[in-house]
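Structure record follows, encoded as structure tokens.
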Amino acid sequence: MELLVAYRDDPAGHNMAKFLSKKMTKDGDIFRGKYYDLVIIPTPAISADWLEEKYDYDGFVFLSKHAAESGQLALTCHSTGNFSEAKFGGNDREIAIPHPNLQKKYLQTLKKNQSKFPEFQITIEATHHGPSALTKPSIFIEIGTTEKQWTDESLCNSVASLVHQVMSEPIPENPVAVCFGGTHYPSKFTDELLDGKYALGTVIPKHALENLDTELFSHIISQNKMATAALLDWRGLGSDKQKILDLLKTTNLEVIKL
């Protein structure tokens with residue numbers, strides 16, 4: 001069973017959690033449900049590396065706000081981890097285990113319901129921020145982009161209802177790929193999630209590729225044991241293209257250029 005997690009002082013995450021908890025049974029600090037449990041924590045979600053000290057679940061789904069300097073309205077989801085210094089939770093150069101099939105199902109469900117969110121971009125983000133130390137798969141599901149959206153209970157309830165829909169149905173199994181290149185909002189990889197055959201593991205954007213060395217690359221591959229392929233944003237690899245190709249030669253991953 002999965003545990004949904006929301007930070008008490010995150011308005012978007014808390015609003016989604018409040019909506020979902022209405023039909024759940026309170027048991028101590030946990031809301032119990034048929035398909036998943038839920039907890040509202042007193043500390044930021046990006047720093048929740050401690051969760052497994054207290055809660056034993058198959059995976060963790062974080063409900064969260066999303067902020068962006070651009071102001072672009074967005075509904076996003078992404079895996080977590082840090083390719084260099086951990087400035088926003090987690091540990092330096094540590095990558096969390098992704099949640100590929102759940103991510104694919106959620107983003108596809110969002111897209112099918114795009115008419116409910118006509119002003120919002122539906123996109124994944126590259127892997128970033130904490131937590132990074134959990135030993136079970138995790139994913140962030142986020143509502144952006146300003147306080148107006150985070151405090152919009154109707155919007156938060158609509159997104160939460162789709163989370164419930166996804167979590168209460170069987171999650172299809174897909175082949176999984178690790179992704180290299182592209183921007184923080186990687187359109188080619190988002191398109192693959194929506195319309196292609198692959199679910200996505202860790203997504204390493206172009207600006208983080210310079211941090212990849214043998215040690216970090218091996219760690220990423222070990223955290224993506226479910227992956228059978230590597231997707232390359234071929235034009236979005238920059239000067240690190242050959243380094244990535246050389247590192248991938250040391251794996252059994254099928255290399256696919258997008």
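The shown structure was predicted, so the numbers you read here are calculated from the model rather than taken from an experiment. Positions are given from 1, in the same order as the sequence printed here.
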Minimum heavy-atom distance between [X] and [Y], given as atom pair plus value:
{"X": "P131", "Y": "A45", "answer": "CD-O, 3.3 Å"}
{"X": "V203", "Y": "P205", "answer": "O-CD, 3.4 Å"}
{"X": "T228", "Y": "P175", "answer": "OG1-CB, 4.3 Å"}
{"X": "L231", "Y": "L200", "answer": "CD1-CD2, 3.8 Å"}
{"X": "A96", "Y": "S138", "answer": "CB-OG, 4.0 Å"}
{"X": "P98", "Y": "P137", "answer": "O-CB, 3.3 Å"}

Assess the pair H99 and F60: is the distance between their ring centroids shorter than 6.0 Å?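 No - the distance between ring centres of H99 and F60 does not fall below the 6.0 Å cut-off.
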Donor-acceptor pair, [X] side chain versus [Y] backbone, under 3.5 Å?
{"X": "T190", "Y": "I124", "result": "yes"}
{"X": "E52", "Y": "T135", "result": "yes"}
{"X": "N91", "Y": "E94", "result": "no"}
{"X": "D191", "Y": "G196", "result": "no"}
{"X": "E192", "Y": "K197", "result": "yes"}
{"X": "D49", "Y": "A133", "result": "yes"}

Can you tell if the side chain of M16 reaches within under 4.5 Å of the side chain of L4, non-hydrogen atoms only? no
With a 4.5 Å limit on heavy-atom distance, are the side chains of T145 and H66 in contact?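 The answer is yes, as the side chains (C-beta and beyond) meet within the 4.5 Å cut-off.
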So, [X] and [Y]: side-chain donor and acceptor under 3.5 Å apart, yes or no?
{"X": "H164", "Y": "Y36", "value": "yes"}
{"X": "H78", "Y": "E142", "value": "yes"}
{"X": "S79", "Y": "T202", "value": "no"}
{"X": "Q114", "Y": "K111", "value": "yes"}

Take the angle between the ring planes of Y55 and W50 and call it parallel below 30°, perpendicular above 60°, tilted in between. tilted
Does the plane of the ring in F62 sit parallel, tilted or perpendicular to the ring in F140? Use 30° and 60° as the thresholds.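 The rings of F62 and F140 lie parallel, inter-plane angle below 30°.
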Can you list the residues that meet the salt bridge (Lys or Arg N to Asp or Glu O under 4.0 Å) rule with K54, with sequence neighbours excluded? D29
Near D27 CG, under 6.0 Å, is it more than 12 heavy atoms from other residues, nucleotides or ligands?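 Yes, enclosed.
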Is it the case that more than 12 heavy atoms not belonging to R235 sit under 6.0 Å from its CZ atom? no
Got a second to check how far [X]'s [atom1] is from [Y]'s [atom2], nearest 0.5 Å?
{"X": "E2", "Y": "D58", "atom1": "CD", "atom2": "CG", "value": "6.0 Å"}
{"X": "I46", "Y": "H129", "atom1": "CD1", "atom2": "NE2", "value": "6.5 Å"}
{"X": "S187", "Y": "L258", "atom1": "OG", "atom2": "CG", "value": "10.0 Å"}
{"X": "F88", "Y": "N82", "atom1": "CZ", "atom2": "CG", "value": "10.0 Å"}

Determine, stepwise, if the pair R93 / D213 fulfils salt bridge (charged side-chain N to carboxylate O under 4.0 Å, His left out). CA-CA 11 Å; R93 289 169 58 86; D213 53 20; 2.8 Å; yes
Shared ILVMFWY cluster between I30 and I41, side chains joined below 4.5 angstrom?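 Yes, I30 connects to I41 through the hydrophobic network.
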